[in-house]
Q: 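This structure is in structure tokens; I'll ask about it shortly.
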Amino acid sequence: GWKSGGHPLFGEEIRNRLTPNRKNNTINYKKESKFGPWTQEEREAGRRRKDLKRVTSMTTMELLKKARGAKGALALADTELKNRALMEMARALEDRTADILAANVQDLEAARGTISEVMLDRLALSPERIAGMAQGMREVAALPDPVGAVLSRVERPNGLVIEKTAVPMGVIAIIYESRPNVTSDAAALALKAGSACVLRGGKEAHRSAAAIVAALKEGLAAAGLPEDALQLVEDTSRASANELMTASGYVDLLIPRGGAGLIRACVDNATVPVIETGTGICHIYVDQWADQGMALDILENAKCSRPSVCNAAEVCLVDRKIAGEFLPKLKARLVDGRAAAGQPPVELRLDETAAAVIDGAPAGERDFDTEFLDYILAVRVVDGVEGAVAHIAAHSTGHSECIVTGDEKAAHAFQRQVDSAAVYWNASTRFTDGGEFGLGCEMGISTQKLHARGPLGLAELCTFKFIARGSGQIR
């Protein structure tokens, strides 16, 4: 419930935002935080804390109970049945393309003017993107079933055989923002991993997500699996997110996919197990021995192909020994050349050394710690591999980093010392993706070290238990 001076979801970070009025049991709104002002919907929902608790608990808890009730059927489903369901779900997505696109148009119209053009691109669907979502589900069907895999086996001297065996999580909840494709990706992976799935999307994409889930439920039913195995939370307020975070006994694993505020709130406040997916402050270091043409190709791809995704580059580090030669090429490629071609130019935010070589905006205090998700690139000049490694250690979120160099020794030193989920040599950070890694669509990119790291594929969505077979052994 509400706490004096705080908020049940974000706690200390929104302290003093709300002040409870004990006399008439209402809440007075006084201050705002870095998360922005309350929406009118949230204001109305928070008028009476007893009503809020009763309404949100019933709605979200009912969905969680349905998902928990369906998890047994999924755990018992064999590979053939799960694959048939995935194929039916893919077919239903394609059959319902018109309905999904109509819902997406409504989301786009409502969001236009409130989010950036880059974020609108994340929200937008097209026939091609929906076809890609369906194809992703078929690719998951073609992957090996992780459930039942024997991870290790030991036979003890007394004849006891012990097998460490992959088993479903149970109920996986995903909190995500304005990317409708996550809806189908998450449902497909959870199903193949034998788990029920509870989705809580952002309000910007809710109509799209609802249309996608309706199609996917048709596919589940057509295959003979319970529709309750896939749930979409209707309430997109912070209260529903908080309820998922604290649904002990109903949620076996929570995966947040979104901005730093959402992820931090989940990590700090959840009482259920959480996998921390990554804010992506991804670095590309251009070494003195780099093929500079290759470096420019990699930088433009990593920054500009889809700047709104977590594996896009946000920082370029340049070896001091080639800064005078390379930086003008960087500006010509990412700024002047793109503008001349009618493409969005990249805003370069430069440290003092880089600013002495090329024109650009001066880098602010937080620019090397910001996931821009836009056509913005922070640029710093460093002293070789050691300087690059030191900068990354101080500023990285542990997602993806790259060195561009022709020096094998420098590359190996960089890859050994940089402590991130994916570390590249002469390749774009945009490859940090479940599909590109051969895992099928992924649930997110984990930047923690336990129990999963990097793209969350099928194996990472399972847990394990020890299956022991004996013949009367006693201890």
Side-chain angles (χ1 to χ4, degrees), residues 64 66-90 134-154 161-174 182-199 213 216-217 219-231 249-255 257 272-275 277 434-435 437-446 450-469:
L64 289 169
K66 288 182 177 180
R68 188 176 67 170
K71 73 177 186 179
L74 286 187
L76 293 174
D78 61 19
T79 302
E80 181 181 356
L81 177 55
K82 291 189 290 187
N83 288 345
R84 184 163 69 249
L86 287 166
M87 300 300 283
E88 289 290 346
M89 292 161 76
Q135 180 58 28
M137 302 193 86
R138 295 187 179 102
E139 290 173 359
V140 172
L143 292 171
D145 191 342
V147 177
V150 177
L151 307 177
S152 64
R153 182 181 186 277
V154 61
V161 176
I162 305 168
E163 294 180 338
K164 183 179 180 181
T165 305
V167 296
M169 284 284 180
V171 176
I172 300 174
I174 304 95
V182 173
T183 307
S184 61
D185 289 355
L189 287 167
L191 171 61
K192 187 65 179 271
S195 288
C197 184
V198 177
L199 302 167
V213 167
L216 298 180
K217 281 177 172 282
L220 280 171
L225 284 174
E227 294 184 32
D228 285 346
L230 176 60
Q231 300 291 339
Y250 293 91
V251 171
D252 297 291
L253 176 65
L254 174 65
I255 302 174
R257 290 190 58 168
V272 301
V274 177
I275 292 181
T277 60
F437 278 20
L439 305 176
C441 52
E442 60 31 25
M443 194 74 86
I445 309 295
S446 169
L450 294 174
H451 86 125
R453 194 179 198 189
L456 298 174
L458 291 171
E460 290 73 29
L461 296 179
C462 290
T463 183
F464 59 84
K465 63 183 174 184
F466 292 93
I467 305 294
R469 185 174 69 253

Q: Testing the basics here: between Gln231 and Ala67, what is the closest heavy-atom pair and its distance to 0.1 Å?
A: CG-CB, 4.2 Å
Q: Output all residues satisfying salt bridge (charged side-chain N to carboxylate O under 4.0 Å, His left out) with Arg453, sequence neighbours left out; order by chain, then residue number.
A: Asp419
Q: Find out whether Met137 and Ser184 are in side-chain contact, i.e. whether some heavy atom of one side chain is under 4.5 Å from a heavy atom of the other.
A: yes
Q: Less than 3.5 Å apart, which donor and acceptor atoms pair up between the side chains of residues 186-198 and the rest of the protein, not counting sequence neighbours?
A:
| unit_1 | atom_1 | unit_2 | atom_2 | d |
| --- | --- | --- | --- | --- |
| Lys192 | NZ | Asn83 | OD1 | 3.1 |
| Lys192 | NZ | Val140 | O | 2.9 |
| Lys192 | NZ | Ala141 | O | 3.1 |
| Lys192 | NZ | Leu143 | O | 2.6 |
| Ser195 | OG | Met169 | N | 3.2 |
| Ser195 | OG | Gly170 | N | 3.0 |

Q: So, Arg68 side chain and Val171 main chain: donor-acceptor pair closer than 3.5 Å or not?
A: no
Q: At their closest point, which heavy atom of Pro455 faces which heavy atom of Glu460, and how far apart are they?
A: O-OE1, 3.9 Å
Q: Could you check whether any side-chain heavy atom of Leu220 comes within less than 4.5 Å of a side-chain heavy atom of Asp228, counting everything from C-beta outward?
A: no
Q: What verdict does the side-chain contact (heavy atoms from CB on, under 4.5 Å) test give for Leu230 and Leu199, after you've listed the backbone C-alpha separation in whole Å, the side-chain angles of each residue and the deciding distance to 0.1 Å?
A: CA-CA 8 Å; Leu230 176 60; Leu199 302 167; 3.8 Å; yes
Q: Out of curiosity, Leu64 CG to Lys66 NZ, how far, rounded to the nearest 0.5 Å?
A: 11.5 Å
Q: By salt bridge (charged side-chain N to carboxylate O under 4.0 Å, His left out), which residues pair with Lys217, not counting sequence neighbours?
A: none
Q: Just to verify, what does Arg153 make a side chain to side chain donor-acceptor pair (under 3.5 Å) with, not counting sequence neighbours?
A: Glu163
Q: Mind checking the CD1-CD1 spacing from Ile162 to Ile467? Nearest 0.5 Å is all I need.
A: 11.0 Å
Q: For Lys82, give me all partners under side chain to side chain donor-acceptor pair (under 3.5 Å), at least two apart in sequence or on another chain.
A: Asp145
Q: Residues in side chain to side chain donor-acceptor pair (under 3.5 Å) with Thr183, at least two apart?
A: Tyr176
Q: Determine whether Asp252 and Lys71 make a side-chain contact, defined as any pair of heavy atoms from C-beta on separated by less than 4.5 Å.
A: yes
Q: Please find the pair of heavy atoms, one from Ala452 and one from Ile275, that lie closest to each other, and give the distance.
A: CB-CD1, 4.4 Å
Q: If I take atom CD from residue Glu139 and atom CD from residue Gln135, how far apart are they, to the nearest 0.5 angstrom?
A: 4.5 Å
Q: Return the minimal non-hydrogen interatomic distance between Ala166 and Pro146, and the atom names on each side.
A: CB-O, 3.2 Å
Q: How long is the straight-line distance from CD1 of Ile255 back to CD1 of Ile172, given to the nearest 0.5 Å?
A: 5.5 Å
Q: Of all the heavy-atom pairs spanning Ser446 and Leu456, show the shortest one and how long it is.
A: CB-CD2, 3.8 Å
